[in-house]
Participant: 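One structure is given below, represented as structure tokens, and several questions about it will come after.
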Amino acid sequence: MVLFLLLIIAFIIVLSRTYKGDNFGKFFVDQASGIYTKYAPYSYKVVREKTKQLGQEFTPRQYIIKIALFSVAAGGISYMYFYSVTVSIIYIIAAIAVIPYLSYLRCKKVYSEFIFEQIQTYTSNTIMEFATTQSFVKSLEGVRDSGILEDPIKTDVEHMIELAYQNGTIDESVNYMSNLYPFYIVKNMHQLFLQITKEGAQNSIDSLENMQLDIDMLVESVYRDRIDRATFHKQFLQFGIMLYLMVMLVQYLLGTEAYLKLLNSIVIQVLLHGVIIINSYFLLKGEKYYYENVGAE
């Protein structure tokens, strides 16, 4: 294991000297980013670009720290299971390969939260504008011109205004926005505006105020859910790491020598690989749930 660590250090030193004109961490991240920018799906490129604009993308230093942590964790755990440098190298490579996927999930989470906040801003301010203008299109124009919206929501609102003027009705506009952002607060607000516009609903001010209260309650519950989710996420990771370390208990009960003899069995090795792979899958599924289901609806 010591020899393996020395080889890793030597490899890093050689690379850093080879690229002494650049920061090695920046070089590594730039190369990886270039590959993923070239082959990543369009949707991911949009999400990543917005994450950059929000200043929440991982820095090269953070990527290097993650690579180091994943390498040490994967190497240490796999060596503790199999006492094989070769197996450890394989697991280290697999662990590093997961980092871009986790970065992708994080970008989606940041983007989803940003979209929800923009939708909340759009619905709340449209309702407030309507109280003054008594016109849905004029309300949209007021929200657009206020400068509180950012792309892509701002561009979509501008398109809604264009559709309304082209068609002379708001039907296509609200359908466009409702289909693009299928949040129930969006659909309910649009449905209410359609009713007010077409049927001249009575007590529209009271209805809009009630909807504003619903939006406020939803936002409060979403942020409470995010706090609870973050707490659960920490506990989930701790539990997953403890499952990896169960092999230490086995070695303590059996003794190291007896454990090494067990490793001579192919069946035992397959079972141990299965433990690592299943637990890793369990952790990745948990991370996917944490990052993708942000509790917006």
Side-chain angles (χ1 to χ4, degrees), residues 8 12 15-16 18-74 92-122 147-157 180-181 183 219 222-223 225-234 236-238 240-241 280 283-297:
I8 292 254
I12 293 174
L15 282 180
S16 63
T18 303
Y19 300 100
K20 57 186 177 182
D22 295 318
N23 177 274
F24 170 63
K26 185 176 184 300
F27 167 79
F28 182 88
V29 174
D30 287 346
Q31 294 300 311
S33 298
I35 294 173
Y36 280 90
T37 298
K38 182 177 180 180
Y39 296 104
Y42 172 75
S43 58
Y44 173 57
K45 294 177 183 178
V46 173
V47 169
R48 183 167 177 260
E49 186 60 34
K50 178 54 70 175
T51 306
K52 276 185 177 181
Q53 293 175 12
L54 295 173
Q56 296 193 46
E57 190 187 30
F58 284 139
T59 63
R61 182 173 178 273
Q62 288 174 315
Y63 274 113
I64 294 301
I65 291 173
K66 280 190 170 296
I67 290 170
L69 288 176
F70 275 58
S71 298
V72 171
I92 286 173
I93 294 172
I96 292 174
V98 169
I99 294 176
Y101 175 67
L102 295 177
S103 177
Y104 162 70
L105 291 178
R106 182 178 179 277
C107 286
K108 287 186 67 177
K109 179 176 183 290
V110 170
Y111 188 77
S112 296
E113 291 176 348
F114 164 76
I115 290 296
F116 177 74
E117 290 169 1
Q118 285 287 291
I119 286 296
Q120 183 263 328
T121 301
Y122 159 70
I148 57 177
L149 294 180
E150 299 181 37
D151 283 333
I153 305 296
K154 181 180 178 181
T155 300
D156 293 326
V157 169
L180 198 58
Y181 302 102
F183 297 89
V219 172
V222 166
Y223 284 106
D225 175 76
R226 289 180 187 175
I227 294 172
D228 294 340
R229 191 179 294 269
T231 302
F232 174 77
H233 182 238
K234 292 179 181 178
F236 171 78
L237 289 179
Q238 291 172 357
I241 292 171
S280 299
L283 284 174
L284 284 176
K285 288 288 288 184
E287 289 295 286
K288 186 173 184 292
Y289 175 80
Y290 170 70
Y291 282 118
E292 288 194 336
N293 298 282
V294 297
E297 282 295 320

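Quantities reported herein were computed from a predicted structural model and do not represent experimental measurements.
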Participant: Could you pull out all residues at least two apart from Asp228 that satisfy side-chain contact (heavy atoms from CB on, under 4.5 Å)?
Facilitator: Arg224

Participant: Starting at NZ of Lys108, measure out to CD of Glu113 and round the result to the nearest 0.5 Å.
Facilitator: 13.5 Å

Participant: Would you say Lys109 and Leu105 make side-chain contact, with heavy atoms under 4.5 Å?
Facilitator: no

Participant: Would you check if Phe183 and Ile115 make a side-chain contact, meaning some heavy-atom pair closer than 4.5 Å?
Facilitator: yes

Participant: Only counting residues at least two apart or in another chain, list the ones meeting side-chain hydrogen bond (donor to acceptor under 3.5 Å, both in side chains) with Lys66.
Facilitator: none

Participant: How close do Ser71 and Ile96 get, heavy atom to heavy atom, and via which atoms?
Facilitator: OG-CD1, 3.4 Å

Participant: Starting from the C-alpha separation in whole Å, work towards a yes-or-no answer on side chain to side chain contact (heavy atoms under 4.5 Å, CB included) for Tyr290 and Leu237.
Facilitator: CA-CA 11 Å; Tyr290 170 70; Leu237 289 179; over 6 Å; no

Participant: Could you check if a side-chain atom of Ile99 sits within less than 4.5 angstrom of a side-chain atom of Phe58, using non-hydrogen atoms only?
Facilitator: no

Participant: Gln56: what forms a side-chain contact (heavy atoms from CB on, under 4.5 Å) with it, not counting sequence neighbours?
Facilitator: Thr51, Leu54, Arg106, Val110

Participant: Are Gln53 and Glu49 packed together at the side-chain level, in the sense that at least one heavy-atom pair is separated by less than 4.5 angstrom?
Facilitator: yes

Participant: With sequence neighbours left out, write down each residue that passes salt bridge (Lys or Arg N to Asp or Glu O under 4.0 Å) with Glu150, or none if nothing qualifies.
Facilitator: none

Participant: Go through the structure and list residues passing side-chain hydrogen bond (donor to acceptor under 3.5 Å, both in side chains) with Tyr181, not counting sequence neighbours.
Facilitator: Asp156

Participant: Tell me, please, which residues at least two apart from Ile241 pass side-chain contact (heavy atoms from CB on, under 4.5 Å).
Facilitator: Leu245

Participant: Hey, can you tell me if Tyr111 and Phe114 have their rings parallel, tilted or perpendicular (30° and 60° cut-offs)?
Facilitator: tilted

Participant: Could you tell me if the side chain of Thr59 sits less than 4.5 Å from the side chain of Gln62, heavy atoms only?
Facilitator: yes

Participant: Go through the structure and list residues passing side-chain contact (heavy atoms from CB on, under 4.5 Å) with Thr121, not counting sequence neighbours.
Facilitator: Asn125, Ile148, Leu149

Participant: Can you name the side-chain hydrogen bond (donor to acceptor under 3.5 Å, both in side chains) partners of Gln120, sequence neighbours left out?
Facilitator: Ser124

Participant: Can you measure from OG (Ser103) to CD (Glu57) and round to the nearest 0.5 angstrom?
Facilitator: 6.0 Å

